[in-house]
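These numbers come from the heavy atoms of this one structure, side chains and all, not from hydrogens, waters or symmetry mates.
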Amino acid sequence: MTNSDNLEQRGLFDAQIIPPSLAITAMRDSGYKNTAYALAELIDNAVQAGASMIEVFCIEKREHVHKRERSRLWKIAVLDNGTGMDLQTLWMALQFGNGTRLGDRTGIGRFGMGLPNASISQARRVDVWTWQNGPDNAITSYIDLSQVESGDMDTIPEPEHDSVPEPWREFSEDIGPHGTLVVWSDLDFERLTWKRAERALLRTEEIVGRVYRNFIADDAVKIRLHAMEEDNNNVLIDRETKINDPLYLVPLMSLPTPFNERPMFEDVFSETHEIEYKGRVYPVVTRYSIATEDTISEAGTVDRGKTKYGKHAASNIGVSVLRARREIMLDHGWCIGYDPRERWWGAEVEFPPQLDEVFGVTNNKQAATHFAELATMEWEELAEEGEQFIDAVNRLKEEGDPRGWLLGLSNGIKRNIIQLRESIKAQGAGRRSSRRTRHDEADDVTKAVNEGWRERSKERPLEDDKKSPTESDLDDIKTDLTKNKKYSEADAEELISLIRDADLKVVFLEADFPDPFHLFNVEMKGNVTEIIFNRKHPAFDDIFGTIATTDEDVSEFTKQEILERLTRAVNAGKIIFAAWGRYEREAGIERAKALQKVRFDWGQIAAKFLEPDDSFSL
């Protein structure tokens, strides 16, 4: 082919690396979790511009949809009283990957993608007005995807002078001498998370109230939410965003009494982990909290997980990751997914923007990928053969692997979360086993076991089997429950009343044993036999933590959730019996024969106890 032929072919083919229309389409799929997170990008810009008031507007109007008239979101806008932009800055701000804060590590901005990326992820047109000398002297420009796709727009239009449109001035409470207004129109309903104005702002408040909680708490910024119907100017919502603290260390107005007046959680401890990176040392602060005992007492006879505040806590499960005081993600990877008790602890990690590359911060500020990866990964998985922890850390750093700088931090977080879980287990002591299902009855399993116990006594009676515990015996049991097994006075008294009233011969208890190797223990208190399960044993969570935890409403589970939890419990049971099989093999021939006899006798009693009756069935 001749050079002239080549030139002719080039005239027929667009040789741009990324044609604009294709680039825009790809950028629309940049991965915002929902509409609220896209709005958070605009709020970031306002905070960075020094705004003290940020107003989010959702306007809906009546439209015909599939031959039916209904209200749907029509326009979304964000207005702030920040410093505003000059012509050159506005021009750059609408460009992808450009801006005045590229490389700036002093605040929550930096990546130069927020305004255009967030906008086109939800709408086909975005208009921006910005002013530094009153809203009458604003300048404006826009991006219109229809024009981009048709080839009529391949550059950002040069900003023109145009006053801020009157409707937005009327909606605003604080339009001042400087500021910026971003308006999304021609909304893409396939991309919008919520189609109605009120719902969109309620969910936005929940997320934005958590993401910017530190700024709101310090009165550094107010975020006003305003939703209305365009046709009749009917106001649906008009209020300031309330903070949503996943550590629950401050009263929250969205919680019921008393936790709208005092914190629902208590501060446990905080730690500062220093990371040396590129010749400088940066502090990374972690904070931890757990639910107060009030969350149990306020629930009364109801499991606290079923309360309004318990369900609120369930929406904030995870480790909150903050960059420059702004939350970028609530990371669920550090949690045990099947265990609803995870809602009763809180953890927070805060790092400076200078560690963005180490943590793996994405350009939409919704994830810290390197940090999140370590939630489910142990250091041994990254170590080479023969390496100790410090060897693996040093090698990863030499290789430029960001996880080398984070392994110490992640190990500390995992260790601390284990401590939080132990404290929460202790709070729940006595709230499962042998508790009354009605005022004067034990639970079904306790009733069934006690019936089996009595039937067995007809064949093999125990000494004092027919006697009831004395008051002295009951006092000893109560003292042991409160001092050694860490039951509350109220739970211990309830159990004592149950033993007395129902004449129980056997009860199920929980305790923290000195070691994690005893699965259970058997203790005799007078003629009462206690079966105590060790909360520190891994099998405790695998069996009891699947369904029978204190803070869940099984009726709300999906079939898949129930199946997964039951499967986990069954598998844990198999593993326990496999461990017994190994124990017999290691015992030697003579001792194994004795163990086989023990196994047979134990199995025979179990078969009797498991015979179905009116109170219990499998």
Problem set entry | Heavy-atom closest pair, residues Ile328 and Arg323 | CG2-CB, 4.0 Å

Exercise. Does the pair Leu355 and Val361 meet the rule for a side-chain contact (heavy atoms from CB on, under 4.5 Å), with working shown?
Worked result: CA-CA 9 Å; Leu355 295 178; Val361 178; over 6 Å; no

Exercise. Distance from Thr369 atom OG1 to Met329 atom CE, nearest 0.5 Å?
Worked result: 8.5 Å

Exercise. Can you find a heavy atom in the side chain of Gln95 that is under 4.5 Å from one in the side chain of Pro116?
Worked result: no

Problem set entry | SB check Glu350 Arg287 (cutoff 4.0 Å) | yes

Seminar exercise, completed: Rounded to the nearest 0.5 angstrom, the CG-OG distance for Asn364 and Ser121 is 9.5 Å

Exercise. Side chains of Asn234 and Met228: closer than 4.5 Å at any heavy-atom pair?
Worked result: no

Exercise. Going through the distances and angles, do Ile216 and Thr241 end up as a side-chain contact (heavy atoms from CB on, under 4.5 Å)?
Worked result: CA-CA 8 Å; Ile216 299 171; Thr241 299; 4.0 Å; yes

Problem set entry | Note, Arg72 side chain near Arg62 side chain (heavy atom, < 4.5 Å) | no

Exercise. Taking only residues two or more places apart in sequence, or in another chain, which ones meet Arg196 in a salt bridge (charged side-chain N to carboxylate O under 4.0 Å, His left out)?
Worked result: Glu60

Seminar exercise, completed: Applying side-chain hydrogen bond (donor to acceptor under 3.5 Å, both in side chains) to Gln147 and not counting sequence neighbours gives Tyr142

Problem set entry | Atom pair OG (Ser289) and CG (Leu249), whose distance is rounded to the nearest 0.5 Å | 4.5 Å

Problem set entry | SB check Asp144 Arg125 (cutoff 4.0 Å) | yes

Exercise. Hey, does Phe265 have a side-chain heavy atom less than 4.5 Å from the side chain of Trp344?
Worked result: yes

Would you mind writing out the side-chain donor-acceptor pairs for residues 198-211 within the sub-3.5 Å range, not counting sequence neighbours?
{"unit_1": "Arg203", "atom_1": "NH1", "unit_2": "Glu206", "atom_2": "OE1", "d": "2.7"}
{"unit_1": "Arg203", "atom_1": "NH1", "unit_2": "Glu206", "atom_2": "OE2", "d": "3.2"}
{"unit_1": "Thr204", "atom_1": "OG1", "unit_2": "Ala200", "atom_2": "O", "d": "2.6"}
{"unit_1": "Glu205", "atom_1": "OE1", "unit_2": "Arg239", "atom_2": "NE", "d": "3.3"}
{"unit_1": "Glu205", "atom_1": "OE1", "unit_2": "Arg239", "atom_2": "NH2", "d": "2.7"}
{"unit_1": "Glu205", "atom_1": "OE2", "unit_2": "Arg239", "atom_2": "NE", "d": "3.4"}
{"unit_1": "Glu205", "atom_1": "OE2", "unit_2": "Lys242", "atom_2": "N", "d": "3.2"}
{"unit_1": "Glu205", "atom_1": "OE2", "unit_2": "Lys242", "atom_2": "NZ", "d": "3.4"}
{"unit_1": "Arg210", "atom_1": "NE", "unit_2": "Glu327", "atom_2": "OE1", "d": "3.4"}
{"unit_1": "Arg210", "atom_1": "NE", "unit_2": "Glu327", "atom_2": "OE2", "d": "2.6"}
{"unit_1": "Arg210", "atom_1": "NH2", "unit_2": "Tyr37", "atom_2": "OH", "d": "3.1"}
{"unit_1": "Arg210", "atom_1": "NH2", "unit_2": "Glu327", "atom_2": "OE2", "d": "3.2"}

For this session: List the steps and the verdict of side-chain contact (heavy atoms from CB on, under 4.5 Å) for Asp80 and Asn45.
Result: CA-CA 9 Å; Asp80 69 71; Asn45 292 339; over 6 Å; no

Exercise. Taking side chain as C-beta onward, heavy atoms only, is Phe269 less than 4.5 Å from Thr286?
Worked result: no

Exercise. Among all residues two or more places apart in sequence or in another chain, which pass the side-chain hydrogen bond (donor to acceptor under 3.5 Å, both in side chains) test with Arg421?
Worked result: Glu342

Exercise. Where the side chain of Ser172 meets the backbone of Arg169, is there a donor-acceptor pair that is under 3.5 Å apart?
Worked result: no

Exercise. Are Met53 and Ile223 close enough that some pair of their side-chain heavy atoms sits under 4.5 Å apart?
Worked result: no

Problem set entry | Counterpart residues, ring-ring contact (aromatic ring centres under 6.0 Å, His included), relative to Tyr282 (two or more places apart) | none

Exercise. What pair of heavy atoms forms the shortest contact from Ala46 to Ile54, and how long is it?
Worked result: CB-CD1, 3.6 Å

For this session: Would you please name every residue forming a ring-ring contact (aromatic ring centres under 6.0 Å, His included) with Trp168, sequence neighbours left out?
Result: Phe57, Phe171

Problem set entry | Atom of Glu357, atom of Gln354 and distance for their closest heavy-atom approach | OE1-O, 4.1 Å

For this session: Check whether more than 12 heavy atoms from other residues, nucleotides or ligands sit under 6.0 Å from atom CE of Met377, and answer yes or no.
Result: yes

Exercise. Is it true that Phe189 and Trp194 have ring centroids separated by less than 6.0 Å?
Worked result: no

Exercise. Sequence neighbours excluded, which residues qualify as side-chain hydrogen bond (donor to acceptor under 3.5 Å, both in side chains) partners of Asp218?
Worked result: Arg325

Seminar exercise, completed: In short, Val56 meets Leu39 closest at the heavy-atom pair CG1-CD1, 4.1 Å

Exercise. Below 4.5 Å, heavy atoms only, C-beta onward: do Arg343 and Arg341 meet side chain to side chain?
Worked result: no

For this session: Only pairs at least two apart or in different chains count here, so list each salt bridge (charged side-chain N to carboxylate O under 4.0 Å, His left out) that has a residue in residues 170-182.
Result: Glu173-Arg224

Problem set entry | Under 3.5 Å donor-acceptor, Lys365 side chain and Thr362 backbone | no

Exercise. Within the distance-only criterion (no hydrogens, no angle test), does the side chain of Asp303 pair as donor or acceptor with the backbone N or O of Gly305 below 3.5 angstrom?
Worked result: no

For this session: Please list all pairs passing the ring-ring contact (aromatic ring centres under 6.0 Å, His included) test where one or both residues lie in residues 291-324, with sequence neighbours left out.
Result: Tyr248-His312, Phe259-Tyr309

Exercise. Would you say Lys414 has more than 12 foreign heavy atoms packed within less than 6.0 Å of its NZ?
Worked result: yes

Problem set entry | Heavy-atom check, side chain of Cys58 versus side chain of His226, under 4.5 Å | no

Exercise. Does any donor atom in the side chain of Gln122 or Thr35 lie under 3.5 Å from an acceptor atom in the other side chain?
Worked result: yes

Seminar exercise, completed: Taken to the nearest 0.5 Å, the spacing of Ile139 CD1 from Leu87 CG works out to 4.5 Å

Exercise. Out of curiosity, Lys311 NZ to Asn316 CG, how far, rounded to the nearest 0.5 Å?
Worked result: 15.5 Å

For this session: Among residues two or more places apart or on two chains, list those pairs meeting salt bridge (charged side-chain N to carboxylate O under 4.0 Å, His left out) that have a residue in residues 248-264.
Result: Arg262-Asp294, Arg262-Glu298

Seminar exercise, completed: Output for pair (Ile413 CD1, Leu409 CG), nearest 0.5 Å, gives 4.0 Å

Exercise. Is Arg70 paired with Glu63 through a side-chain N to carboxylate O contact shorter than 4.0 Å?
Worked result: no

Exercise. Is a side-chain donor-acceptor pair under 3.5 Å present for Glu41 with Tyr32?
Worked result: yes

For this session: Compare every heavy atom of Ala291 with every heavy atom of Glu266, then report the nearest pair and how far apart it is.
Result: OE2-O, 4.2 Å

Listed pairs under 3.5 Å, donor-acceptor, residues 155-166 side chains, sequence neighbours left out:
{"unit_1": "Asp162", "atom_1": "OD2", "unit_2": "Trp129", "atom_2": "NE1", "d": "3.3"}

For this session: For residues Pro353 and Ala324, report the shortest heavy-atom separation together with the two atoms involved.
Result: CG-CB, 3.9 Å

Pairs under 3.5 angstrom only: tabulate donor-acceptor contacts from the side chains of residues 175-185 to other protein residues two or more places apart or in another chain.
{"unit_1": "His178", "atom_1": "ND1", "unit_2": "Asn81", "atom_2": "O", "d": "3.3"}
{"unit_1": "His178", "atom_1": "ND1", "unit_2": "Gly82", "atom_2": "O", "d": "2.8"}
{"unit_1": "Thr180", "atom_1": "OG1", "unit_2": "Thr130", "atom_2": "OG1", "d": "3.0"}
{"unit_1": "Trp184", "atom_1": "NE1", "unit_2": "Ser119", "atom_2": "OG", "d": "2.8"}

